[in-house]
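Remarks on the structure that follows.
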Amino acid sequence: MQVTKHQQKHSGPKAEKKLKKQGGMAEDKDERKRNPKAFTVQSATRMARTFHRAQDLKAKKHHIPFVDRTPLEPPPVVVVVVGPPKVGKSTLIRCLIKNFTRRSSEDICGPVTIVSGKKRRLTFIECSNDINTMIDLAKVADLVLMLIDASFGFEMETFEFLNICQVHGFPRIMGVLTHLDSFKNSKALRKTKKRLKHRFWTEVYQVAFYLSGMYLGISDSGSEDLGRFISVMKFFSLALIMEDLTDPEKVRIDAKCDRTVSLYGYLRGTYLKNKSQVHIPGVGDFQVADVSFLPDPCPLPDAQKKRALNEKERLLYAPMAGVGGVVYDKDAVYIDLPTAHVCQEQEEVHPTTELVQSLIDTHATLDVKMAASKVSLFTSSATLDLDMEIDKQKGEKEGPQENLVWDAKTQRERRRVVFAEEEEENDYSSGSDTDDGFDGGSDQEGQEEEDECDEEEEDNLSTLIKKARVKFGNTEKTVTVSASPVKKQKIEEVKDNRQLFELPVFADSEDDLEMSDKESGNSKKGEEEREGHESDFGEDDEEVDVKMDKGPGDQEDEDEEDNDDQAEDDWDDEEDVGITKTIEKNITSKHRTFENEEEEEEPCFVTEGSFQWKEGLQQKASEAFLRQQQATPNLRKLVYGTGTKDPFNLEAGNYEEEEVGGLFRVSRPHDNKKHWTDAKDCSRFSPDSSHNWDIGEMLKSIRDCFVTGKWEEGQDAATLLKEDEELYGDFEDLETGEVHEGQTGSDEEENEGERLVKVDDEEVQKNKRLEKKRRLKERFDSEYDDGEATYFDDLKEEMQKQADLNRAEFEDADDETRVQYEGFRPGMYVRLEIPSVPCEFVTNFDPHYPVILGGLGSSEGNTGYLQMRLKKHRWHDCILKTRDPLILSLGWRRFQTIPLYHIEDHNGRHRLLKYTPQHMHCGASIWGPITPQGTGFLAVQTVAGAKVNFRIAATGVVLDLDRSVTIVKKLKLIGYPYKIYKNTCFIKVGKFQLTSPA
Amino acid sequence: VYRNNNNMASQALTYDGCNFFRQRLVLSTLSGKRVKIKNIRSRDDNPGLRDFEASFIRLLDKVTNGTRIEINQTGTVLFYQPGLLCGGSVEHDCNPQRSIGYYLEALLMLAPFMKTALRATLRGVTNDPTDPSVDLLKSTAIPLMKKFGLEGEGLDIKVVKRGMAPGGGGEVVFTCPVRRTVRPVLFTDPGKIKRIRGVAYSVRVSPQMANRIVDSARSVLNQCLPDIYIHTDHMKGANSGKSPGFGLTLVAETLTGCFLSAEMSSTPQGQGDPVLPEDLGRDCAKLLLEEIYRGGCVDSSNQSLALLFMTLGQQDVSKALLGPLSPYTIEFLRHIRDFFQIMFKMETQKASEDEMKGGDKVLMTCVGVGYSNINKTIK
């Protein structure tokens, strides 16, 4: 029965009464106030523990601060597109490129760099199914787009790649589902998506998983969304294990057998020094002969305030793909884009090299087209047809099973991953709604999140999914028999297309040829000019000589001049090394170039001059070094400019042995230089004899070095004292009651104050007090707030300061000088010249395989014993045997080695194991390249083909490096006793065979 | 397949002559690059390596594992392929032709990058006129290394026995912890000198000698600063080595913790004119004044050590204000460029008119190579 309520009173006595009642009740309810004793600390230990716990949780959130060394202008982000064959990698790249640049590209071959935004460039690389490529690209990727064929499910390649990433440092990973259009049933689609996503999450936690419905061959909104996502995504500076790397994009052949190769690419990671060592995976270690930076072929648009990029700024740079004619020269890169946004102005082109270029280009691309044609097979007919399923499952396994499936359409075997749980699930998938089966515990945590994500994704992709829903039809496992091996025909077709397509490109390059012919004249002019410059430098050198000879008397005049010519001098320095080199060459070939002497007279003269100067330098260095340093306006010249030669090319610069007429050798045993090189090796710096410390003048000249000397303004003891007095000057002697006042106001002010009106005086006093208070507070803060600032904060601040210093130090210098001090910055586009590369590198060059140059640390070029912690991969079929060759990917390198497995016993010795343990870590020792400790590695048994279930055999980490290692082996010796004493027995062992396994 | 290509990467750096012998071998060991030194005293009447150089190579062999050394018949060509620094407890009888300082200077550069903490016991000549003495290194190099983040347990040089040239018989224990990385530094402010400390030592002579040295040195230095304290160290019996001698080491400490030093030691017995302790004290004090005149944050004998640690630092900017560069340091800079491809930016700071702070200074700036100790084991 309904009872009508009375109207509630908001005012009046009743309301007050009620309020009081409620308030009283509330007071009663607060137990803490009523009975505080009951809530005091009951256990100090427990309180300490809670505090400790809270602090632990707080500290857990901290990350070790690093100095921020990210470059201001970063290199393009490397986006690697990975996936099993026929999943739509090339299509995706093509769609993305079209989306970003509005240009269609036919064949994706080698890296493609595009400008995607005002501050971001992207380099797309396609990763083939080859494990070598997967390993190399996992090391350089910033972002991985992992393509998964949703209609088929996971394939082994995906998990192999994830594992490689795990070992070599995780890039950001984005999963992309393709072939979603094959789902005719929206429910099946949703379920598949969820299932794949969850499995992905159990493997990689931090990844964004993006589900896109890729429609083949069409640049659809899916790829657009994805593109937007890539451009928005935040990148952290990826902590690469190694130092630096470049993505070279072009190879040039110089000689026939041992090739000198120049590689071009963006520098990433850290600084690259000239003449440093690099490793090219698959090729070997090399010393870089020369590095030079080039203007960026794909520059970022200037920082203008624009919302979108205009058409011209949407640059595309794909030197190895068939996009435009690309011409290389030592100083510049020329790209001819058909749509006529040309990146660089052309300066000079040598026609011969260009011809060679185009030849090489076509050669490479023809090869590649054969292989690549397969990729472009996609047609608009969507459903994937499976021919037959071969089940190769073995009993129970913890890992996923490989399920080899013959795909008739693509004419190949596909390596499906079948998880034990998944199978179960599949069995009753029709009834049960979700995938609780297979991630167990983690699932519950993430349940809410997942749902949210789902919704988001569905919003994003609503259009796509709608499309997919329209194509409602089959379930996820379609088994239809409609294999049509039309591959060959198609290849031919594609080929024809290509040739047709190629023609205009050639025409373009011919145009270039003409252009280059015209410009060759210019280039000659340039050379002449350069010569002119050189002679100028020569003159400069002479000037220096004169200066040195003049001695200390005339230095002041010289100094003035130098100041005037400061800029020129600096210039001169940079060139100096180069000049001396040419000079040295001149000397060695002096007698040969006798006829040409007229031409070379000038440089020869210069040589002599510089020679004398050099000798003079050494002489003086031993005499009065100080004076000379003052005389040299630029210390750099003294240290680096001359006097040294490249120790690698000592033979070339061996100018001491001058031949006269080819018969006699001029020998100068008491040469100054000889004397210097064989002088006593002593670090002591003998004092300047001209200083007489008995004279008061000299003592006066160092007076301010002592605390007793004059101090700088502001640090003076008097000012400091005064400040202190202002703060602490006032005090009252409590015993005598006497009040001491600090001399803050100073007497004059007081006198003035008397004259002023009283109100003003008070105000002044008030202000003064406030001021004093403020300063006292500041001091107090600075004293006591330091306690608040934790170690972590200090560390962070220190790092920040260092980062600022790093940025500021060489900011103003021009690139030429900066490069000498810092090395080549990441983000620069550089050309590297590498000598003595095996010719196979050039002859077998395939742009589909990335060429990566990994920088090596100073001692990483050597070899030694590496002790590692290793674990057989849980998905790998069989355990590994000692002395079975294994291919390791360690640091930048991939190499084959023979590991010895061992385990550490309680007494600290390493006992040899014949096989790796099934589920445990063990030690492994190999002889290999020195790699810093803590570097992760992975091992595969073979790189050719996919013969095993899961290709990655083991993973681990380097623990120790040494030149010798001790591993003990247990031996069983069988023999007969031949002498028996009281407690001792001698046993005769037949033959001591070390070779036989014990 | 990994191939150690027989190309430029594995080619050795080639040098001429025996000068800067230690620099080359030390940098080679740290960088892992091979070194070939040719024409070692090839024009000399007594060609080839001297005993003290051989002794130095032996010391390097003791602290490393896997080092390959090849010397030709006459000793004029040396090939050195460095191994990995292993450290641990090392005992070495240094050749008395050079003092322990000669060997210790190199060890100071290598010690932080060993596999295990180094504890080196060096026997030989502790003080002689040519090389920086053990006392000098103890009072200047150790605080310098601490600034690079190498402090901690057991960075110390301890003079157990003193042995003067030519006989020797001294003993020094050098201990150093290992580090994975070196910290970048900013030594731009030398600060003002707050105190001068020193050690006047004497062995196998009258203990009064040390007092005489102290008096004469004070007479010079008192004009500049009142806070001077010079210890006298007279060692007797077994701790006094084989030869008589005396000497003085002076160290000036600034407010910012920079150390400038000077030292002098008596001429070895039977070589040259004997010196009076008064003269020695006075001259040594003047040497210190000279060193102060040169100034900078690092004293002239440790310039190369500071520059090395700056080079081996993280990939950050390091700065140090130095006095005029010594010839040894200049050659060291060239070698650093050869081995580590690092060039220093050098800016001369002219002495200003109104400030009486000695001569011109050089501000050295570099970006470190990001060296990490590849020898240290991780567990």
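In what follows, chains are A, B, ... by sequence order, proteins preceding strands, each numbered from 1.
- If you measure heavy-atom distances from A:Gln933 to chain B, the contacts under 4.5 Å come from both the backbone and the side chain.
- When heavy atoms are compared at a cutoff of 4.5 Å, B:Ile342 approaches chain A by way of both its backbone and its side chain.
- Looking at B:Phe339, neither its backbone nor its side chain comes within 4.5 Å of chain A, counting heavy atoms on both sides.
- To the nearest 0.5 Å, atoms CG (B:Leu104) and CG (B:Asp131) are separated by 10.5 Å.
- Neither the backbone nor the side chain of B:Cys366 comes within contact range of chain A, judged by heavy atoms closer than 4.5 Å.
- Classification of A:Arg684 and B:Glu263 as a salt-bridged pair holds, one side-chain N sitting under 4.0 Å from a carboxylate O.
- Heavy atoms closer than 4.5 Å to chain A are found in the side chain of B:Leu287, but not in its backbone.
- The shortest distance between side-chain heavy atoms of A:Met868 and A:Leu888 falls below 4.5 Å.
- Between chain A and the residues B:Gln223, B:Lys115, B:Lys36, the most heavy-atom pairs under 4.5 angstrom are made by B:Lys115.
- Counting heavy atoms from C-beta outward, A:Glu809 and A:Glu822 have side chains that stay 4.5 Å or more apart.
- Looking at A:Val957, there are no atoms closer than 4.5 Å to chain B (heavy atoms on both sides), in backbone or side chain.
- Of the listed residues (A:Thr897, A:Val288, A:Asn692, A:Asp694), the greatest number of heavy-atom pairs within a distance under 4.5 Å of chain B belongs to A:Asp694.
- For A:Tyr821, the ring pair (Phe, Tyr, Trp, His ring centres under 6.0 Å) test picks out A:Phe810, with sequence neighbours left out.
- Proximity to chain A (any heavy atom under 4.5 Å) is shown, for B:Phe344, by both the backbone and the side chain.
- Contact of A:Leu699 with chain B is made through the side chain alone, with heavy-atom distances under 4.5 Å.
- At a 4.5 Å heavy-atom cutoff, the contact between A:Asn274 and chain B is made by backbone atoms alone.
- Between B:Asp360 and B:Pro324 the shortest side-chain heavy-atom distance does not fall below 4.5 Å.
- Note: B:Asp316 leads B:Val367, B:Thr67, B:Ile374, B:Asp316 in heavy-atom pairs under 4.5 Å with chain A.
- Here B:Pro184 is the residue among B:Ala252, B:Pro184, B:Ser372 with the most heavy-atom pairs under 4.5 Å with chain A.
- The residue among B:Lys194, B:Gln303, B:Arg41 with the most heavy atom pairs within less than 4.5 Å of chain A is B:Arg41.
- For a residue to count as touching a neighbouring chain, one of its non-hydrogen atoms must lie under 4.5 Å from one of that chain's; by this rule B:Arg98 touches chain A with the side chain only.
- The part of B:Asn373 that comes within reach of chain A is its backbone (N, CA, C, O), which places non-hydrogen atoms under 4.5 angstrom from that chain.
- A:Arg807 and A:Asp68 are joined by a salt bridge, as a carboxylate oxygen and a charged side-chain nitrogen come within less than 4.0 angstrom of each other.
- Annotation: A:Arg818, atom CZ; neighbour count of heavy atoms from other residues, nucleotides and ligands within 6.0 Å is above 12.
- Comparing B:Gly191, B:Ser304, B:Ser300, B:Pro190 by heavy-atom pairs within less than 4.5 Å of chain A, the highest count is held by B:Ser300.
- Salt-bridge formation is not detected for the pair B:Asp338/B:Lys33: no Lys NZ or Arg NE/NH1/NH2 atom is positioned less than 4.0 Å from an Asp or Glu carboxylate oxygen.
- Under the 4.5 Å side-chain criterion, counting only non-hydrogen atoms from C-beta, B:Thr64 is not in contact with B:Pro82.
- A salt bridge links B:Glu331 with B:Arg334: at least one charged nitrogen is closer than 4.0 Å to a carboxylate oxygen.
- Contact annotation for A:Ile887: neither backbone nor side-chain heavy atoms come within less than 4.5 Å of a heavy atom of chain B.
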- Query: Checking salt bridge (charged side-chain N to carboxylate O under 4.0 Å, His left out) for the pair B:Arg294/B:Glu291: CA distance, chi angles, key distance, verdict?
  - Reply: CA-CA 5 Å; B:Arg294 284 174 182 157; B:Glu291 190 64 46; 3.5 Å; yes

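- When the candidates B:Arg180, B:Gln23, B:Lys345 are compared by the number of heavy-atom contacts under 4.5 Å with chain A, B:Lys345 comes out ahead.
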